[in-house]
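A short worksheet on the structure shown next.
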Amino acid sequence: MKPRIRLDNITLLLVGMLLLMGSLLAYLVTIDRDINGYNRYDTVLQELLLLDSGFDNFFLHKIEAVNYESINRDRDRFEETISWLIAQPLAREYGAEFPQMVHEIGVDFRKKSEAIEAFKSYNTLALNSIHYIFDLRRTLLSDPNLSQEIQLHLDKILFSLMQMILGIQTSKETLTRELENLKKSPAAEASPNLLHLINHSLSLTEAIRYLNETTRRAGQIPLHSKIDRLKESLHLAYERKIFIEKVIALLFFVLTFILIVILIGISRRARQTHQRLQAFMYAVENSDNTVVMTDPDRTIVYVNEAFEKSTGYSRLEALGQNTRILKSGKQDRRHYDEMNRILNEGKKWQGEFINKRKDGTLYYEKASIVPVFVDGRLTNYLAIKLDITEYILQQQKLKLSAAVFENAQESIFITDRTSRIIAVNQAFTAITGYVEEELEGKTPNILKSGYQDETFYRKMWEKIRDTGRWHGKIYNRIKSGEILPMWLTVSSLYDEKGNLLNYIGMLTDLREIIQNQERAEFLAYHDPLTDLPNRAYFEEHLFHAIELAKRKKNILAILFIDLDRFKVINDTLGHDVGDRLLKVVSERMRTTLRKSDMIARVGGDEFIAVIESIATAEETTYVCEKLLKKIAEPIRIASHTLNVSASIGVSLFPDNGSTITDLIKNADNAMYLAKNMGKNNFQFFMPELSRMMHRRLDIEQGLNKALLQEEFWVTFQPQYRLEDGSLYGAEVLLRWKSPTLGIVPPDEFIPVAEETGRIHEIGMYVFEEACKTLVTLEKMGLFLENISVNVSSKQFMEKGLPEAFSERVAFYGLSPERITIEMTESYIMDTSTYDDTMLHTLKRLGFKISVDDFGTGYSSMSYLKILPIDSIKIDKSFITDIPHDPNDNAIAKAIIVLSNSLGYHVVAEGIEHPEQERFLLEQGCAFGQGYHYSRPIDLERFIAFVRTKSPSSRPLLMPPSPAKSAV
Ligand code: C2E
Ligand code: MG
Ligand code: MG
């Protein structure tokens, strides 16, 4: 494009002013020249006047000896000056009449000049005549021939001549007549001298007459007045001219002045505009809005600081780029087409953009683009944009929150800061029966049932004020008048400055949960098959019994009862028969014992009973015999008639121990003795003979060197997703082969290791093996999502355990989420060892936590829900008999439902049959393991196993998210 020179007004004005000033200068020079020219003329004319006066003066010197040099010089000077004047451009300078006037002066001058010449010649003549006449007179005076009379006459004539020369009034005619008369006289005839005198006097008279005549004529030449007139006229013409020139110069001045005023005005306006522009630029630069200026081709020519912040492009990077660099591609063509159409029409466009920053992230902008026209020509587009990403995201979040609020299962109400209800959701209406309109302006007091006293509410509000939150169980009266237990969570909502805005209340109907909890609590304390108390309940009872016995100095007998060959019945006739058998036997034993005694089922076919208030050991013998007899009675189940027997071990308080553990353990030992003695009998605890005790000692000794001698190894039991049968992970199970004892099952050696403290190093060994396995698999290109490691409650007593685990995981470069720590339920319930912070630390470090053997302990769901756990493993004792045993079915179902509702997923262990799997899957159990899938296998086989199961691509899925939290 050819650059076009565009002259703006200011440039034009400046050029005009320069021209004007130049002209003014030139004009002033002209004026100066005119003044000088006039002065010259004036001087010259003055000189002519002087010269002319000289000429006039010259004519006064009649009959005088004058120097003609001077008059000749003056005449030449006059001549020269006139010639000079004629040569001057007077006509142009002052008017056409001036050359004429000069010319006339010239003519008069020549006339005067001629008169001077004439004067000069007559004067000379006259002078000569006078000298001669006076010479002759002297001569004639001495002439004796002349009469006195003549002499006197001559004197008279000479006197008249003198008078004539001096200009005294004399009659020339009289003199001439007297001279003529004298001439005719005889005297004259006689004296030639007299005649000469008369003749000369006559010619003198004539010369004087000519001289006078010449002088008179010269006096009539108006040379002086003509010069005067010329001088006067010239002066007037000059005055006029100078006046006009002054007026013109003044006009120039005025014009220049006006231009200067205009220029000052323009410059002031320009300065104001400049200042305004600077202010505008400052505003644009510091604006929070993004400002972008492009040329008509959308090439960026200007961006402000906000642009840099908002897009991540620096100014240098952006300039020269097309605005397309910001395009995210998230808006379709039509959006841009519409924008271009409006802009092409020269109109302003307003709308929103989804743009892309330099780092690739998206952001939202509200933009307004205007075409900029300068002198009717499109020069730029100016875009002013506001980053509204946060606003949009907020809007989205708000929409989401609103949807969550409306569709939440939990009933939610929102109050203002004075506790007046401003919104409730559908679930709230569903639970309470109140619709939003009915609640307007009311406080949640409308639900008050009166169940809780004022202190309760006061404490609640104190907590809300102090911590911003409160949660707890509360009884509410709903619209129908019914009083319901609810779980209420109140949270306070503050603005950024910390001012209270709202309270948000969440209500959960606890009826179902409480029912489930009650059931779970019952289950937690009871054996679901026989409804007998379980071990936990028993131990608790025993604890109190011991306390009482201590105080009353009573003897207690603890009976450990194990059915003989029950496993055979179970295996041959099936679990169903086995279960029914257990029920019958349980019932028999329960009824055989007194109401004050307690019998509990502690294992498949194991029972413990405590006999209180006995005076002697013999009394126990009686009870045992009675029991054995009762058990031995044939039992009819279906078509079978079964004969069962039991082996009973007895320990006595205080003789065989003073703690629950010792007493039960010793009774157990005694039971083994009874078994060894041929079953169907009872034995009292005899410490020194206890085979179990020996074995325990052997195990203890064996364990001392087992690690060093590398007698341990780990096996892996695969864990599955029930939903799709895919491999999820594996549980690591420890194995030990002692050179003296052979293979010892973990159930046997782990308790010993726990007691001796060996469990810490053994536990670390297992953990390390688990880590190594994941790494090994990974190196082979195999990926295992999860590995579960059993961690004993004793290990949790070691303070640095989580950190030690974390350090190992980091060492192997693994993610802790892939490791599940299995802890037993009894650990949680054992308040002497349970450490809440330990679990939280493990969780915080990223490990997953699972409660193993759930159901065998007595943990209540209400307790579980405050723990940071991820999953629950239903103990295999509950799995074994499903789906045939309705009790087990109910328990498994309850555990699954409750766990899911608390947000934990459930792993079923000990799945041996497909029906069990199907049932569990139907109930919502997510994971399972058991012989049905695989027995625990060694590393080599496990690797082969994973390889066959591993999908071609690495599974990225995490375990399916558990069902929604209930509270
Ligand atoms: P657990 O953690 O509940 O492990 C599950 C037990 O059930 C394993 O017995 C496993 O072999 C067995 N099992 C798995 N599926 C089935 C099935 O379908 N039917 C039946 N009847 N049993 C099945 P194992 O390996 O004898 O381990 C027994 C217990 O010893 C474990 O119970 C665990 O409490 C403990 N244990 C094993 N290894 C370790 C360990 O490394 N550390 C700690 N602290 N304890 C361990
Ligand atoms: Mg386990
Ligand atoms: Mg287990």
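When a ligand or atom number is given, it counts from 1 through the structure's own listing order.
- Tested against Gln717 for a side-chain hydrogen bond (donor to acceptor under 3.5 Å, both in side chains), the candidates Glu731, Arg935, Gln929 yield a single pass: Gln929.
- Between the side chains of Asp564 and Ser647, at least one donor N or O sits under 3.5 Å from an acceptor N or O.
- Not counting sequence neighbours, the partners of Thr824 by the side chain to side chain donor-acceptor pair (under 3.5 Å) test are Ser826.
- Taking a cutoff of 4.0 Å between a charged side-chain nitrogen and a carboxylate oxygen, Lys665 and Asp662 qualify as a salt bridge.
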Check: residues 800-809 side-chain donor-acceptor pairs under 3.5 Å, at least two apart:
from, atom 1, to, atom 2, distance (Å)
Arg808, NH1, Glu768, OE1, 3.4
Arg808, NH1, Glu768, OE2, 2.8

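- Enclosure of atom CD in Glu512 is not indicated, since only 12 or fewer non-hydrogen atoms of other residues, nucleotides or ligands lie within 6.0 angstrom.
- Counting all heavy atoms, side chain and backbone alike, Met838 lies closest to Glu798 at CE-O, 3.3 Å.
- Near ligand 1, heavy-atom contacts under 4.0 Å come from Gln717, Glu731, Leu733, Leu734, Arg735, Pro746, Asp747, Ile750, Val766, Asn790, Ser792, Glu822, Asp852, Asp853, Lys876, Glu909, Gly910, Ile911, Glu912, Gly930, Tyr931, Pro936.
- For NZ of Lys843, the number of neighbouring non-hydrogen atoms (other residues, nucleotides, ligands) closer than 6.0 Å is greater than 12.
- The existence of a salt bridge linking Glu915 and Arg918 is excluded, since no basic side-chain nitrogen approaches an acidic carboxylate oxygen closer than 4.0 Å.
- Listed by chain and residue number, the protein N/O/S atoms under 2.8 Å of the Mg ion (ligand 2) are Glu731 OE2, Asn790 OD1, Glu822 OE1, Asp852 OD2, with waters left out.
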